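Below, chains carry the letters A, B, ... as their sequence lines are ordered, and counting in each starts from 1. Since this is a predicted model, take the numbers as computed values, not measurements. Reckoned from all heavy atoms, side chains included, excluding hydrogens, waters and symmetry mates.
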Amino acid sequence: MSTQKSVLKEAGSVGDNPVRLDTEKAEQIIEALNTDLADAYVLYHQLHKHHWNVEGAEHLRIHEFLQEAYEEVEEAADEIAERLQSIGGVPHASMPALSEAATVEPEDEDVYDIRTSLSNDLEMYGDIIESYREHIELAAGLGDHATAHMLREQLIEIEEHAHVIDHYLEDDTLVQ
Amino acid sequence: MAAGTQSNAESASEPDRPDSPEISVCKGGPGKSVFMESGNSDGWISSDVTVDVTR
């Protein structure tokens, strides 16, 4: 639904930027960042789902951890969207656009035990980590060092959360 | 593995010429590969189509 008569900036377009990044280079980086943005929101919703549904002896700590994790993911998504907008892009903002651009596969709507749920989360974290590494190389290679720096900092947080989930999945646990 | 998923310095350089450019490839958006020359941010090209090379 369009709520205004004149479009200020068309979705998918790339405009000039004030940081003197070549528009053609910016276009490559914007496309990569929109993918990261879409993947982040898929992960955000999956973590949120597990935060809502976790049960069992360890539910409280895992419930709290998952909230911390999806809040970090949302914060990272916000930074990504602002960065790609600042270099001339239009961040994906609708659910259909985000869903179409995402490269990670979300869990279905059914509720699974927490071990299965966290395994699915860890799988998605792994895919996103690999994608970040590619996009850090891309941004740095095209001379966009600020984007590369932002992604590097986010990657540290993402890997920390993947590490915690990996520990939750060890054998020494109350949940069977 | 598809060419767009790994760095590859061999494909575009001759091994016996140390001054030849080193090329790496990164995934950009979905299905897009960006080939970049090491140390030269202006030396790049992107492609929507990549194929595996056989010798």
Side-chain angles (χ1 to χ4, degrees), chain A residues 11-14 19-40 42 80 84 87-92 97-105 126-148 151-152 155, chain B:
Chain A
S13 66
V14 176
V19 295
R20 299 188 182 179
L21 190 63
D22 181 83
T23 305
E24 289 184 331
K25 291 180 187 174
E27 188 177 350
Q28 305 302 317
I29 295 159
I30 286 162
E31 203 171 336
L33 290 177
N34 254 329
T35 304
D36 293 333
L37 178 64
D39 287 348
V42 175
I80 290 168
L84 81 87
I87 58 173
V90 179
H92 292 316
L98 288 163
S99 180
E100 192 181 338
T103 60
V104 290
E105 188 71 27
D127 291 343
I128 287 174
I129 285 166
E130 285 187 341
S131 185
Y132 261 67
R133 289 182 185 142
E134 290 274 347
H135 295 167
I136 288 167
E137 289 297 315
L138 176 72
L142 295 177
D144 183 0
H145 302 290
T147 294
L151 292 177
R152 274 193 199 97
L155 181 60
Chain B
M1 180 180 283
T5 61
Q6 62 182 1
S7 295
N8 186 347
E10 186 188 5
S11 59
S13 62
E14 295 173 25
D16 54 348
R17 289 182 56 200
D19 58 343
S20 59
E22 189 174 301
I23 307 296
S24 61
V25 56
C26 292
K27 277 198 285 189
K32 185 168 280 188
S33 299
V34 183
F35 297 81
M36 297 178 294
E37 181 183 349
S38 177
N40 176 14
S41 66
D42 291 325
W44 65 276
I45 187 167
S46 74
S47 174
D48 293 328
V49 180
T50 54
V51 295
D52 290 326
V53 177
T54 55
R55 293 188 179 184

**Message:** Given heavy-atom pairs under 4.5 angstrom as the criterion, report whether the side chain, backbone, both or neither of A/Ala101 touches chain B.
**Reply:** backbone
**Message:** Please classify the contact of A/Glu130 with chain B as side chain, backbone, both or neither, using a heavy-atom distance under 4.5 Å.
**Reply:** neither
**Prompt:** Which value, rounded to the nearest 0.5 Å, describes the distance between B/Ser41 atom OG and A/Lys25 atom NZ?
**Reply:** 3.5 Å
**Asked** Roughly how far, to the nearest 0.5 Å, is CD of A/Gln28 from OG of B/Ser46?
**Response** 3.5 Å
**Message:** Tell me which of these, A/Glu24, A/His135, A/Arg133, has more heavy-atom pairs under 4.5 Å with chain B than the rest.
**Reply:** A/His135
**Message:** Looking only at heavy atoms and a cut-off of under 4.5 Å, which of A/Asn34, A/Asp22, A/Leu142, A/Thr103 has the most pairs with chain B?
**Reply:** A/Leu142
**Item:** Listed partners of A/Thr23 passing side chain to side chain contact (heavy atoms under 4.5 Å, CB included), at least two apart
**Value:** A/Val14, A/Asp16
**Minimum heavy-atom distance B/Gly29-A/Thr35, with the two atoms named** = CA-OG1, 3.8 Å
**Fill in**
Here the pair of heavy atoms bringing A/Glu137 nearest to B/Cys26 is CB-SG, 3.3 Å
**Prompt:** Around atom CD1 of A/Ile129, are there more than 12 heavy atoms of other residues, nucleotides or ligands at under 6.0 Å?
**Reply:** yes
**Complete:** Taken in chain and number order and not counting sequence neighbours, the residues that satisfy salt bridge (charged side-chain N to carboxylate O under 4.0 Å, His left out) with A/Glu31 are B/Lys32
